[in-house]
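Notes for the one structure printed next.
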Amino acid sequence: MGWAIALHGGAGDIPRSLPLERRETREAAIRHCLQIGVDALKAHRSPLDVVEVVVRELENHPHFNAGRGSVLTSNGTVEMEACIMDGNTKRCGAVSGLITVKNPISLARLVMEKTPHIYLGFDGAEAFAREQGVEMVDSTHFITPENIERLKQAKKANRVQLDYTQPIKKVDEIPVSDGDSQIGTVGCVAVDGHGNLATATSTGGFVNKMVGRIGDTPIVGAGTYANNFCAVSATGKGEAIIRGTIARDVAALMEYKGLSLKDAAKYVVEGAPSGTTGLIAVSAKGEVTMPLNTSGMYRACATEDGYTEMAIWPGETCD
């Protein structure tokens with residue numbers, strides 16, 4: 001048994017022809033955040049602290065679909081959501097509909113620790129954030145030119161877009177550079193050397209989503225779940241992940257069927273509709289797995305015995 005950590009930057013339609021310059025920024029951010037998590041585990045910080053600090057850093061990066069880089073609703077606004085959960089106690093906190101909170105994951109933890117509730121949303125969550133004195137910014141902080149362009153494309157096609165949906169192109173139209181902005185939901189799972197587990201997930205949702213839509217990320221057991229067997233953070237098409245109770249199913253297969261972490265996660269992801277689901281997970285024994293049924297998922301992991309991996313596509317590693 002030893003510590004282990006994994007993180008993701010979203011799953012979706014990531015072509016293998018993706019230009020190197022589009023990959024480098026996100027790969028560098030993921031490596032940086034992985035190192036932050038590894039250093040925190042080596043410093044004997046709790047897994048709950050580790051997943052929060054890693055996801056906070058990912059939220060601050062404008063090229064992921066969380067925090068600063070959150071995609072826009074049909075009204076051109078952001079509605080961010082996040083969830084954090086401690087495995088041993090099953091304590092958890094979740095938030096939705098945030099428009100001015102700089103780091104949603106930290107507000108989710110405050111919901112867990114400072115209220116008798118699990119889930120706060122919209123005006124109530126914003127009011128609680130002000131009461132707690134968390135850092136808040138003007139909503140324009142989250143409105144990036146890339147995401148404005150991405151919303152225009154989605155509206156033109158009359159569709160919502162999953163993370164990494166490829167830009168819409170017409171024969172008589174010059175493609176907009178970075179119009180899709182290639183961004184995704186973020187998450188982190190961690191276990192320490194004593195088997196303590198935690199998970200955290202944060203997202204801006206779908207491009208062009210209806211105002212008020214809530215995805216899988218803040219729903220405990222769907223996009224985010226941890227108990228004393230494993231910690232899971234899922235990414236992909238929220239509606240499919242909610243229907244499949246993806247994160248909880250991984251834990252349930254381990255608990256009730258005695259499956260290994262890898263076998264449980266593989267079974268759940270393969271059973272989900274194709275092109276909808278990716279996840280990262282660690283077990284109390286220090287195992288780690290990162291399966292997906294989408295064309296790609298930015299992901300990375302490290303374990304106490306020195307193993308590290310970073311990958312985007314199935315069967316491929318970047319390191």
Side-chain angles (χ1 to χ4, degrees), residues 5-7 36-37 40-41 44-60 66-67 70 79-136 185-192 194-205 214-235 238 241-242 245-248 250-251 280-282 284:
I5 183 173
L7 60 94
I36 287 174
L41 284 165
H44 305 293
R45 294 188 66 179
S46 72
L48 198 65
D49 286 346
V50 172
V51 297
E52 181 189 5
V53 72
V54 169
V55 169
R56 276 180 65 94
E57 192 70 14
L58 287 164
E59 287 176 337
N60 292 336
S70 292
E79 288 185 352
M80 300 170 288
E81 48 196 29
C83 184
I84 193 167
M85 187 167 187
D86 177 75
N88 285 353
T89 64
K90 294 185 183 177
R91 295 177 68 207
C92 48
V95 289
S96 280
L98 301 182
I99 59 174
T100 64
V101 176
K102 185 178 180 182
N103 291 110
I105 196 63
S106 292
L107 186 64
R109 183 167 181 178
L110 286 170
V111 171
M112 179 183 78
E113 295 180 338
K114 303 293 186 180
T115 81
H117 309 304
I118 289 174
Y119 198 157
L120 290 180
F122 298 89
D123 290 348
E126 289 274 320
F128 176 66
R130 289 190 291 272
E131 291 171 8
Q132 294 298 310
V134 303
E135 186 173 2
M136 303 179 80
T185 296
V186 302
C188 182
V189 293
V191 59
D192 65 16
H194 302 289
N196 300 305
L197 293 144
T199 179
T201 316
S202 183
T203 190
I214 293 171
D216 66 289
T217 289
I219 297 178
V220 175
T224 311
Y225 188 76
N227 63 5
N228 59 346
F229 285 86
C230 65
V232 182
S233 174
T235 175
I241 292 170
I242 293 169
T245 58
I246 294 297
R248 171 56 184 159
V250 175
I280 54 171
V282 292

Please confirm whether the backbone N or O of [Y] pairs with a side-chain atom of [X], one donor and one acceptor, at under 3.5 Å?
| X | Y | result |
| --- | --- | --- |
| Thr224 | Val220 | no |
| Glu135 | Val101 | no |
| Glu81 | Gly97 | no |
| Asn103 | Ile105 | no |

Can you see whether [X] engages [Y] through a side-chain donor-acceptor pair at a distance of less than 3.5 angstrom?
| X | Y | result |
| --- | --- | --- |
| Ser233 | Thr199 | no |
| Glu126 | Thr100 | yes |
| Asp86 | Thr89 | yes |
| Asn88 | Asn228 | no |

Decide yes or no for [X] and [Y]: does some side-chain heavy atom of the first lie under 4.5 Å from some side-chain heavy atom of the second?
| X | Y | answer |
| --- | --- | --- |
| Ile5 | Val54 | yes |
| Val186 | Thr203 | no |
| Met85 | Arg91 | no |
| Thr115 | Phe128 | yes |
| Lys90 | Asn227 | yes |
| Asp216 | Ile246 | no |
| Ile36 | Val53 | yes |
| Ile280 | Val232 | no |

task = Let me see the working for Val189 and Leu197 under side chain to side chain contact (heavy atoms under 4.5 Å, CB included), right down to the final yes or no.
result = CA-CA 8 Å; Val189 293; Leu197 293 144; over 6 Å; no

So which heavy atom on [X] is nearest to which on [Y], and how close?
| X | Y | result |
| --- | --- | --- |
| Ala190 | Val50 | CB-CG1, 4.1 Å |
| Lys102 | Glu59 | O-OE1, 4.4 Å |
| Thr185 | Ser202 | CG2-O, 3.3 Å |
| Leu58 | Gly187 | CD1-O, 4.4 Å |
| Pro104 | Leu98 | CB-CD1, 3.6 Å |
| Ser96 | Ile214 | OG-CG2, 3.9 Å |

If I take atom [atom1] from residue [X] and atom [atom2] from residue [Y], how far apart are they, to the nearest 0.5 angstrom?
| X | Y | atom1 | atom2 | answer |
| --- | --- | --- | --- | --- |
| Cys83 | Arg109 | SG | CZ | 13.0 Å |
| Leu107 | Ile84 | CG | CD1 | 11.0 Å |
| Thr201 | Ile219 | OG1 | CD1 | 12.0 Å |
| Lys114 | Gln132 | NZ | CD | 6.5 Å |
| Tyr119 | Cys92 | OH | SG | 11.5 Å |
| Glu52 | Ser46 | CD | OG | 9.0 Å |

